[in-house]
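All values reported here derive from a predicted model rather than from experimental measurement. Lettering follows sequence order; numbering is per chain, from 1.
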Amino acid sequence: MKKTYLIVLFFAVSLVQLYAQKTSSFYVDIGGGFSSFQDVKYSNVRYNGFGGVFGLGYLKENEKAIWGVNLQGIVTTEKAATHDNTVSTYNPMLQAKYLHRIKENLFVGATWDVLDLYAKSFDGLGNNSAYNVTGSTLWASAIYDYKKFRFGLDLGLISYFKESTGFAFSASQNVLENGDFDYQNDKIDSPFAFKYYELRTIPRHFQVRTSIRYQLSNRFSVGYKWHLRKFSEVKKYPVTYGTHSLSIRYNIFKRTK
Amino acid sequence: MKYLKIKIYLLLFLAVFSSCEKALMEPNPETDALAVFDEYTTLVQEKYAMLEFKNVNINTLRNNLRGKINTTTTQKEFFEILGEVTKSLRDGHSSLIEDQSNPNGMSAGFDLEEGYPAGIDAAILVNNYIGTTVNSEIKTLAGGQGFRAVWGTLPQDRKVGYLWIPSWNVEISDDEIERIFSDLKDTKGLVFDMRTNTGGDPALATKFASYFTDKSIYTGFERFKTGPGPKDFSDSHITLQPSGSANKYLKPVMILTDRNVYSASTTFLYSVDPVESIKTVGQRTGGGSGSVADGYLANGWYWSLSTSEFIDAQGKHLDDGVEPDIPVVLNLEDTAKDEVIERAILELK
């Protein structure tokens, strides 16, 4: 009994120490974004355009770690670089992160994009009007603080995802290669049909994300984020897309002990 | 001063990273005529699924046509040259359109009806069979371009059911499908009019097909292009699963066909082809057995191509259409009857 008590006490003390609160904040982000896209399976023409960014999150930081959850959405309208056709892009994302402090101003850990839904709608197209990449990614993450700046770097390690369009048709490449195509199979079109998800690692599936945030005041900060993704489910026919965003963050509440 | 520094830091950061993804992208393609010609012929070579079946040698075609393009070639002339590639495929799913928003713009494709007589006359159909003045028992689902579905019995024989789906490019709910088949279940046979139905949603066509069987049926396979090489294909073997509905229709069915029976209608036809109680009456169908991909060329012209084809359980290629079991040609001069419907009724007696 005494042993059990000591173990419970040990964990309780550890947890209290781990979460010895320094700062916690609940915030909203709002700003603008710029995105680019190229799918070589269908064309080398790049699409670029501007749009809006919205985010909502909770962040907790103490002497030992930073952890938080973040929900963000980016909506842009991209135009083809060589003609006038456009595509609307929607990218909602739910993230969770935990980074351990290894120096006073340096944290390393992981970010998990629990759900990353990247969806495009091409104006004027038929079967190829909808394109989406749905999935989840585990990232190696680092944060470095310098004065009022906070720099972030994420490197995508593993992605578990489904691309909606294959080499020559609007169905996942593995659906077509495995001979699974069937109009009575509703799962083929579902973004959440895990049967057709692929697990990919770097370098075949390359993802990187950087960020820089400047603390303007206790309530306000301004941040820039960049996200790049490049992968190819058909060899030599890569999909590349990137998003830049610049946003203002307002801490709805921020408590420091 | 403080904010100036911040701005400089941010601008530096933006400058470093804002072009990074572009460094990893392929360069934008050229938009001159030769570059667009090469882009389109490469798309056809790599993506089109039936070059062999259609007997198209894309390399020969490319070599013959490329030399016709020079600095004096006008846009119209260039479109016509590129359109020759499209037309060589003899495929209603494969098209080239200059500007989709401009109905007067240039386009190239395959005319399904060329060389075939008309398969249906709407006035004859309405005035003698399904118009409310001659048939009070007809029911309709409004929507689409007029009606999504028309069904009931025929005044010529009240034991014969009639169902017309003018297009698969509509939404018909599961409840609505149940209602249609529930209304038809007491008839002794069904005339399923598929004329004018150029396609739409193959999943909807397959759902209708699933009402005409009570057991699984192997129907053939869809052969998809899965890579750029000439042998990069993969076959998806298809077995039609029955609807399981209490309103399934297992009595004799006559499907009326014409050249506009195309695409998703071909999906319906090959799905029910093995069912012995189902026969086709009318004209050769249009075909269009494959699935379609589409996109834009570097100059903004729209393209679509068949990137698969369906080969039925007997090994028949269906893309050029199939002859009906009972060939009948409509006589447009006799406005009192539709010979195709009359023959179908006769077969069901």
Quick check: do [X] and [Y] have side-chain heavy atoms less than 4.5 Å from each other?
X        : Y        : value
B/Lys47  : A/Phe169 : no
B/Ser236 : A/Tyr183 : no
A/Tyr237 : B/Pro228 : yes
B/Asn299 : A/His83  : no

- Turns out that what part of B/Leu43 lies under 4.5 Å from chain A's heavy atoms comes down to side chain
- When the ring planes of A/Phe181 and B/Phe224 are compared, do they come out parallel, tilted or perpendicular, using 30° and 60° as the limits? perpendicular
Between [options], who has the most heavy-atom pairs with chain A when the cutoff is under 4.5 Å?
options                      : value
B/Thr307, B/Leu297, B/Asp294 : B/Asp294
B/Ala205, B/Ser291, B/Ser308 : B/Ser291
B/Glu39, B/Lys225, B/Lys207  : B/Lys225

- Task: Run through A/Lys230, A/Gln38, A/Arg229 and flag the one making a side-chain contact (heavy atoms from CB on, under 4.5 Å) with B/Leu24.
- Result: A/Lys230
Side chain, backbone, both or neither: which part of [X] has a heavy atom under 4.5 Å from chain B?
X        : result
A/Asp123 : backbone
A/Asn48  : side chain
A/Phe37  : backbone

Between atom [atom1] of [X] and atom [atom2] of [Y], what is the distance when rounded to the nearest 0.5 Å?
X        : Y        : atom1 : atom2 : result
A/Tyr241 : B/Met25  : OH    : CE    : 11.0 Å
A/Asn185 : B/Thr206 : CG    : OG1   : 11.5 Å
A/Gln173 : B/Thr226 : CD    : OG1   : 6.0 Å
A/Thr82  : B/Tyr296 : OG1   : OH    : 12.0 Å
A/Leu125 : B/Trp303 : CG    : CH2   : 8.5 Å

Quick one: does [X]'s side chain have a donor or acceptor within less than 3.5 Å of a partner on [Y]'s backbone?
X        : Y        : value
A/Gln184 : B/Ala203 : no
B/Glu26  : A/Asn44  : no
B/Ser234 : A/Leu176 : yes
A/Asn127 : B/Val292 : yes
B/Asn28  : A/Val45  : no

- Item | With sequence neighbours excluded, residues passing side chain to side chain contact (heavy atoms under 4.5 Å, CB included) with B/Ser95 |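 Checked B/Ser95 against side chain to side chain contact (heavy atoms under 4.5 Å, CB included); matches are B/Ile97, B/Tyr302, B/Ser304.
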